[in-house]
Amino acid sequence: MQSNCNVIVIANQKGGVGKTTTTENLGIGLAKEGKNVLLIDFDPQADLSASLGIRNSDNLDHTICEALNGTIQDTPINYDDLIIHHNENVDIIPSNIELADFELKLVSVMSRERILDMTLDPLREKYDVILIDCPPSLGMLTINALSCADKVLIPVQAQYLPAKGMTKLLGTINKVQHQINPRIKVLGIAITLANLKTNLGKSTVDTLRENFGQHIKVFDTVIPIGVKAAEATVVGKSVYEHAKDSHVAKAYENLTKEIIRSQKMKHKDSHER
Ligand code: ADP
Ligand code: MG
């Protein structure tokens, strides 16, 4: 479907690299810049839901699974039931542990790679940006997310050189592009959890830039490691709300602006909502 909506998938099969934190703070950062933003929690661990204060996700009646099941069964989906408005001006569709069972069920489903794409299609006209937080694997859930992506943002932790993992991820993105979703493009790499106070930390960032920068855009903004980011996750708020003057908050604000500049994202007129 043609629309001005940008679907950005945040993916890396390694856990603990800052996918969820980046989804939350980029999403809320984009909302602060005036975009209509929908966040999709697409990890059965439901960390994104929890980090936005939705902690009882396993007891929720309405999650992304309900919508996916509706698509598979060809029954109508009530999106109003699914979408939760967060007070920092973003909408979210939560997930829960049922999504793990759903992934197994997908094996025998028609068009199994496209279920999320079909499910989100009616929402594209309502939002400027849809951000999808992936689980830490390259299984069917991540393939479904990549199949509806316009762009993929790859958070890479500034700790080691994840060359092998990156080759596998880029290989998967290429396959999805050839076989399922020709639109998909890599938006870039965001270096996260960097210890910029030490020489070792700084040289790790330089090494990542040298190694990946020739082939893939590496954003100038580096997200530093900072206790405020971890605290914000625990209290269910963004870093802006929890510690607006922290280095991490400033960095996510800068990353947001850099991404907007790189995309020249268009505003949707508010009457279109
Ligand atoms: P992923 O989704 O890739 O598994 P998360 O975003 O959940 O990674 O981050 C993993 C952990 O690290 C979380 O506990 C989170 O609060 C913490 N964290 C994320 N970014 C930062 C940061 N910049 N500084 C300190 N802790 C962070
Ligand atoms: Mg996560």
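Just follow the structure's listing: the first ligand is 1, and inside any ligand the first atom is 1.
A salt bridge links D150 with R183: at least one charged nitrogen is closer than 4.0 Å to a carboxylate oxygen. A salt bridge is absent between D220 and R261; no separation between the charged side-chain nitrogens and carboxylate oxygens falls under 4.0 Å. Salt bridge E231/K228: present, at least one basic N to carboxylate O contact under 4.0 Å.
At least one N, O or S atom of T20 sits under 2.8 Å from the Mg ion (ligand 2).
Scanning all heavy atoms of the two residues, the minimum distance from V17 to P155 falls at CG2-O, 3.6 Å. Taking all atoms of both residues into account, the shortest heavy-atom contact from V205 to A194 is CG2-CB, 3.9 Å.
If you check which protein heavy atom lies closest to atom 24 (N) of ligand 1, you get G226 N, 2.8 Å. Atom 22 (C) of ligand 1 has as its closest protein heavy atom A229 CB, 3.4 Å. Protein heavy atom in closest approach to atom 23 (N) of ligand 1: P224 O, 2.8 Å. Distance from atom 8 (O) of ligand 1 to its nearest protein heavy atom, with residue and atom name: G18 N, 3.0 Å.
Counted by atom type alone, E24 and S51 present one or more donor-acceptor pairs between their side chains at under 3.5 Å. For the residue pair Y252 / T221, no side-chain donor-acceptor distance below 3.5 Å is found, with atom types taken as modelled.
Put simply, the side chain of K14 never gets that close to the backbone of M166: no donor and acceptor are under 3.5 Å apart.
Between D133 and ligand 1, no N or O atom pair is found at a separation short of 3.5 Å. Annotation: V248 places no N or O atom under 3.5 Å from an N or O atom of ligand 1; distance criterion only. In terms of polar-atom proximity, defined here as any N/O pair under 3.5 Å, L193 makes no such contact with ligand 1. The shortest N/O to N/O separation between K14 and ligand 1 does not fall below 3.5 Å.
Near I223, meaning under 4.0 Å from any of its heavy atoms, are these atoms of ligand 1: 23 (N). Under a 4.0 Å criterion applied to the non-hydrogen atoms of G15, ligand 1 contributes the atoms 4 (O). Per-residue contacts place V17 under 4.0 angstrom from the following atoms of ligand 1 (heavy atoms of the residue considered): 1 (P), 3 (O), 8 (O).
T20 pairs in a side-chain hydrogen bond (donor to acceptor under 3.5 Å, both in side chains) with only one of the listed residues (D41, D133, D47, T233), which is D133.
Of the listed residues (T20, T22, T21), the one carrying the non-hydrogen atom nearest atom 20 (N) of ligand 1 is T21. When the heavy atoms of A11, A251, G16 are ranked by distance to atom 1 (P) of ligand 1, first place goes to G16.
Atom 6 (O) of ligand 1 is flagged as protein-proximal [any protein heavy atom, distance under 4.0 Å]. Within the 4.0 Å cut-off (strictly below), no protein heavy atom is located near atom 11 (C) of ligand 1.
Only side-chain heavy atoms of T233 come within less than 4.0 Å of ligand 1; its backbone N, CA, C and O stay farther off. Residue contacts with ligand 1 for I225 involve both N, CA, C or O and side-chain atoms from C-beta outward (heavy atoms, distance under 4.0 Å). With a 4.0 Å heavy-atom cut-off, ligand 1 is reached by no atom of P136.
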Audit row: I132, L116, side-chain contact (heavy atoms from CB on, under 4.5 Å) steps and yes/no: CA-CA 10 Å; I132 305 176; L116 182 63; 4.0 Å; yes
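Counting heavy atoms of neighbouring residues, nucleotides and ligands inside a 6.0 Å radius, atom CG of N87 exceeds 12 of them.
With contacts defined as side-chain heavy-atom distances shorter than 4.5 Å, the pair I180/R114 qualifies.
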